[in-house]
Enquirer: 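Let me give you the structure first, and then I'll get to my questions.
Order of listing sets the numbers, starting from 1, for every ligand and every atom in it. Quick caveat, the model's predicted, so the values are computed rather than measured.
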Amino acid sequence: MIEIKDIHKSFDDNYVLKGISATFKDGMNNLIIGGSGSGKTTLLKCMVGLHAPDQGSVIYDGRDFTRLNTEERIDIRKEIGMLFQNSALFDSMTVEENVMFPLNMFTTQSREEKLERVNFCLERVDLSGKNKLYPAELSGGMKKRVGIARAISMQPKYLFVDEPNSGLDPKTAILIDELINEITAEYNITTVVVTHDMNSVMGIGEHIIFLFNGMKEWEGSNKEIAHTDNREVNDFVFASKFTQAAKEKL
Ligand SMILES: Nc1ncnc2c1ncn2[C@@H]1O[C@H](COP(=O)(O)OP(=O)(O)OP(=O)(O)O)[C@@H](O)[C@H]1O
């Protein structure tokens, strides 16, 4: 479980996060949604320590990340898997080397042990045998799956994903969502996904927080979001005539 309490963050005079609190539970897909520039990525980065919040705390199963020393932070960092935008694979490394990277960084396992883990993760994302390919030889969906394999290589307790569907066709996007969903349940991971993909919201949004104007404007599930009378949520989720019409049939 991850708890965030009263997170504030500014960049100079741009006051982006104005006191966000939420609880993200184990084995659950937690989505952070909101308009462009609403601070979703900034919140994610505050949670993983890539930004220092100006105020507030981020608590990983009782451990307050914002108040730990460097070594204690590294211990939590080892429990975190990340899949950031554009998969962020190393172009000069093969699929195998990319997935092995965190194991090389954080473990003292033998080469055989690491390779066994890499192959297990590649099999899990349906990429068995693709070890020696380079990112340039992969489709967008395959790159995402390599990114997921790398993110789970260390058997994370926490998984952070920023825009998993960007650049993917709708069908591939749904497959990636389903994969994240399955892995989250299978390994009881606390998963936090930043997205503005409405298919994801409706498909895997077990727990959603909606950011607006630097604050948590709404919180609930995908079932609840379809029936909320919160105006900002409705304007965001059902922005097009098509989605408005679909909502009326729900
Ligand atoms: N490193 C930074 N330095 C200065 N300003 C930043 C930085 N990162 C984000 N911002 C600003 O913070 C605000 C929120 O940005 P953020 O990327 O968190 O929004 P977002 O909701 O993830 O947007 P999008 O959906 O477009 O990716 C924006 O005004 C952005 O310019």
Enquirer: Counting neighbours of CG on D126 that are heavy atoms of other residues, nucleotides or ligands and sit closer than 6.0 Å, is the number greater than 12?
Expert: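 No, the 6.0 Å shell around CG holds no more than 12 heavy atoms from other groups.
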Enquirer: Around E137, counting heavy atoms of other residues, nucleotides and ligands shown, do more than 12 lie under 6.0 Å from its CD?
Expert: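 More than 12 heavy atoms, drawn from other residues, nucleotides or ligands, come within 6.0 Å of this atom.
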Enquirer: Within ligand 1, which atoms have a heavy atom of H196 less than 4.0 Å away?
Expert: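 By the 4.0 Å cutoff, the relevant atoms are 25 (O).
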Enquirer: Return yes or no for this condition: an N or O of K40 is under 3.5 Å from an N or O of ligand 1.
Expert: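 Looking only at distances, the answer is yes, because the N/O contact criterion of under 3.5 Å is met.
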Enquirer: Is it the case that more than 12 heavy atoms not belonging to K130 sit under 6.0 Å from its NZ atom?
Expert: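 No, the 6.0 Å shell around NZ holds no more than 12 heavy atoms from other groups.
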Enquirer: When you compare the side chains of D54 and H8, does any donor N or O come within less than 3.5 Å of an acceptor on the partner?
Expert: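 The criterion, which ignores hydrogens and geometry beyond distance, is not satisfied for H8 and D54.
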Enquirer: What are the atoms of ligand 1, with element, lying closer than 4.0 Å to any heavy atom of S38?
Expert: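 Here the atoms of ligand 1 in question are 19 (O), 21 (O).
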Enquirer: May I ask you to list the atoms of ligand 1 that are less than 4.0 angstrom from any heavy atom of G35?
Expert: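 Result: 21 (O).
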Enquirer: How close does the nearest protein non-hydrogen atom get to atom 29 (O) of ligand 1, and which residue and atom is it?
Expert: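 Minimum-distance protein heavy atom for atom 29 (O) of ligand 1 reads N14 ND2, 3.0 Å.
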Enquirer: Give me the nearest non-hydrogen protein atom to atom 14 (C) of ligand 1 as residue plus atom name, then the distance to 0.1 Å.
Expert: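 Answer, as residue, atom name and distance: G37 O, 3.5 Å.
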Enquirer: Who's the nearest protein heavy-atom neighbour of atom 2 (C) of ligand 1, and how far?
Expert: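 Nearest protein contact, heavy atoms only, for atom 2 (C) of ligand 1 is F11 CE2, 3.5 Å.
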Enquirer: Any idea which of T42, T41, L211, I33 brings a heavy atom closest to atom 27 (O) of ligand 1?
Expert: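 Among T42, T41, L211, I33, the closest heavy atom to atom 27 (O) of ligand 1 comes from T41.
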Enquirer: Return a yes/no value for G39: is any of its N or O atoms, backbone included, closer than 3.5 angstrom to an N or O of ligand 1?
Expert: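 Yes, G39 has an N/O under 3.5 Å of an N/O on ligand 1.
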Enquirer: Taking atom CD of Q109 as the centre, report whether more than 12 heavy atoms of other residues, nucleotides or ligands fall under 6.0 Å from it.
Expert: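 Counting other residues, nucleotides and ligands, CD of Q109 exceeds 12 neighbours.
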Enquirer: When you look at R63 and E79, which way does the side-chain contact (heavy atoms from CB on, under 4.5 Å) test go after all the steps?
Expert: CA-CA 12 Å; R63 298 165 294 173; E79 299 173 357; 2.8 Å; yes
Enquirer: With side-chain contact (heavy atoms from CB on, under 4.5 Å) as the test, pick out the partner of E206 among L31, N181, N30, T191.
Expert: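 Among the candidates, only N181 passes.
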Enquirer: Using heavy atoms and a threshold below 4.0 Å, how should the contact between L43 and ligand 1 be classified: side chain, backbone, both, or neither?
Expert: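 It is neither; nothing of L43 touches ligand 1.
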Enquirer: Could you list which atoms of ligand 1 come closer than 4.0 Å to a heavy atom of V16?
Expert: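 Answer, ordered by atom number: 12 (O), 13 (C), 14 (C).
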Enquirer: Nearest protein heavy atom to atom 26 (O) of ligand 1, by residue and atom, and its distance?
Expert: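 Looking at atom 26 (O) of ligand 1, the protein heavy atom closest to it is S36 OG, 2.5 Å.
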Enquirer: Can a donor-acceptor pair be found, under 3.5 Å and without considering hydrogens, that links the side chain of D169 to the backbone of T172?
Expert: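 Present.
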